[in-house]
2 protein chains.
Amino acid sequence: MKHIKLEHGSGGALSRQLTEEIIYPILKNNIYTELSDAAVIEVNGKIAFTTDTYVVDPVFFPGGDIGKLAVCGTCNDLSVSGSKPQYLSLGLVIEEGFPIEQLIRILNSIRSTADSAGVNIITGDTKVVPGGKGGNIYINTSGIGVKEYSETISASRISVNDAVIISGPIGSHGIAIMASRESINLGSKITSDVALLYPLCRSLFGLGSRLRFLRDTTRGGLAAILNEICSGNSFGLNIRESAIPVNEDVQAVSDILGLNPIEIANEGVLTLVTDPGSAQEALDILHRHETGREAAVIGNVTEVFPGRVILETLVGGKRILDYPRGLLLPRIC
Amino acid sequence: MKHIKLEHGSGGALSRQLTEEIIYPILKNNIYTELSDAAVIEVNGKIAFTTDTYVVDPVFFPGGDIGKLAVCGTCNDLSVSGSKPQYLSLGLVIEEGFPIEQLIRILNSIRSTADSAGVNIITGDTKVVPGGKGGNIYINTSGIGVKEYSETISASRISVNDAVIISGPIGSHGIAIMASRESINLGSKITSDVALLYPLCRSLFGLGSRLRFLRDTTRGGLAAILNEICSGNSFGLNIRESAIPVNEDVQAVSDILGLNPIEIANEGVLTLVTDPGSAQEALDILHRHETGREAAVIGNVTEVFPGRVILETLVGGKRILDYPRGLLLPRIC
């Protein structure tokens, strides 16, 4: 058995063989102890629930793969909602002909990332679609986390003069994907930033209500998140482009591809807003983590231009930074 | 805006427009009140968690559509695990070019089925993949249910002489899909049985420990479920083919297509095992429901041939009924 066949998705003998001999042995844990329709767990109190489907192309990229991405991405969504990630489901849609060796590599990556995150995969589903219909493999992970941060994370808690902070350099995930898709050989210079953000988030929860807002800076990049923060609200954001950390190599490749890192997806970067007096404390917290060591204050909340993001550009001008438009980076995550 | 564009999945302005103007207004409820990364809910006690991705082709079929299927299927997985379905996530993977009018029809179907089930969609994600890569639309629903039935549903609770019961006629979902795919015009004669099974399950929970096992009879059909029940166990199953309800039209089309209804997927049929003395009570319970009015005892648990399903065929012989093999019904659910 070297490749996935349509029959692996039929519910018959081959489906059972794939689940019992390949998927389950890699993923099993104390809770996922039998192949039933649903996992039963005990939970008390507030939980967070989230879902994401990952369709990234290519499935293996510098710095990670679709499996690592599927675990990190969903755990990060739970983390920025103020929760500790605990349980994941795994829905695979595999294209007929997909090499089983690659499936095993992806499953091992899922397992090891889940172990790092301290989460258990507790229920799953596998579908097979005819060749040409599935783009190799799509992975849905839905997740349950236990609420740890007592405040509600919502832009409605943001006030004028609050500080806008980014936890690390932007653009590396999107550029790593684009470069491998365009066969631009970067050596080991640019790798995806895909990472678990719970350790950073957990440290930040200690700020209590002085932490106003927290989000992972994924699709649409920093530009989309900044607009989401102020869109429809009575405040705007003033952002200094020169303060935004961007790796030199990411900037160089972005220039070649005609892209702006501010619009590019990240998978290991937090955008947060704190009260002005707590910005330095937030930076100190972030700097103690490897993934946060280049954290920087990039701007502040203003009364000027409510609902708008004003970017002070590198050349000293000012422009409105809008949601990315017309940018086609399909299957970036 | 008539068709889905790649940019609808970019995380930028068009993504936001799709979510805010089309998806969210159809699905919103008391919990899904803002577009955040995760929904926060309060839960106390045992919950069930499950996931399924639906890749059915065609997306609209006699008796339902992929949206209704995605809600029913995941709610049914929760129900047969002894739980009341409560919360769903919705992960859409849409192919570039997919008509927005069809997306709206599917979302309305999701909403009305969720309302019938008394569940809320509380978190979601939308990805767009290039034309030819997504098979129109794939839908993942993951679900959380609150455990109501105090016993563990597991084949390990089954004993010799227990009764095997099916809640209704088999094969109509798979045949409805195949017929519409092969353009066999059946008039309104065969429609998918896709239905919410929670009302039936809830009634059966009252049997307490006399209900041994409960499963929805989906991919791989009755043949797969019966094998799952006894595979690797110290008992076998004796099943009478003549006792299995099959609609005349489903049988006729199955014969034309060279298929056996016993191997065909259902989306509204329960397979259950009860203690022998409770079989009639279980039938009485099922017969009170529209979806269970043709429920029948189809066989019993035996010591003969442990791990095997023995089928007493219509012509009076006996044969081993194995997991379906080599049967290619891709994208049936």
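Chain A is the first sequence line, chain B the second, and so forth, proteins listed ahead of strands; every chain is numbered from 1.
Distance CG/A:Asp57 to NZ/B:Lys133: 6.5 Å, rounded to 0.5 Å. Taking CG from A:Asp125 and OG1 from B:Thr51, the interatomic distance works out to 6.5 Å, rounded to the nearest 0.5 Å. Between atom CD1 of residue B:Ile47 and atom CZ of residue A:Phe49 there is a gap of 9.0 Å, rounded to the nearest 0.5 Å.
Interface summary for chain B: among A:Val55, A:Thr74, A:Asn76, A:Thr50, the most heavy-atom pairs under 4.5 angstrom belong to A:Thr50. Comparing A:Ser231, A:Ser83, A:Gly11 by how many heavy-atom pairs each has under 4.5 Å with chain B, the most go to A:Gly11. Ranked by non-hydrogen atom pairs under 4.5 Å with chain B, the options A:Ser81, A:Gly143, A:Ala48 are led by A:Ala48. Heavy-atom pairs under 4.5 Å with chain A peak, among B:Ile144, B:Leu92, B:Val128, at B:Ile144. Interface remark: of the candidates B:Lys46, B:Glu42, B:Lys127, B:Glu95, B:Lys127 forms the most heavy-atom pairs closer than 4.5 Å to chain A.
Of the two parts of B:Val43, the backbone and the side chain both hold a non-hydrogen atom closer than 4.5 Å to a non-hydrogen atom of chain A. Looking at A:Ile139, neither its backbone nor its side chain comes within 4.5 Å of chain B, counting heavy atoms on both sides. Only the side chain of B:Lys147 comes within contact range of chain A, judged by heavy atoms closer than 4.5 Å. When heavy atoms are compared at a cutoff of 4.5 Å, B:Leu90 approaches chain A solely by way of its backbone atoms N, CA, C and O.
The heavy-atom pair separating A:Ala38 from B:Asp77 by the smallest distance is CB-O, 4.0 Å. Between B:Pro324 and A:Glu7 the shortest heavy-atom distance is O-OE2, 4.4 Å. A:Asn44 approaches B:Gly45 most closely through the heavy-atom pair OD1-N, 3.1 Å. The two residues A:Thr126 and B:Arg219 make their nearest non-hydrogen contact at O-NH1, 2.7 Å.
Side-chain contact between A:Asn140 and B:Tyr138 is absent, with no heavy atoms from C-beta onward closer than 4.5 Å.
The environment of CZ in B:Arg157 is crowded: more than 12 heavy-atom neighbours from other residues, nucleotides or ligands sit within 6.0 Å. A 6.0 Å sphere centred on NZ of A:Lys5 holds no more than 12 heavy atoms belonging to other residues, nucleotides or ligands.
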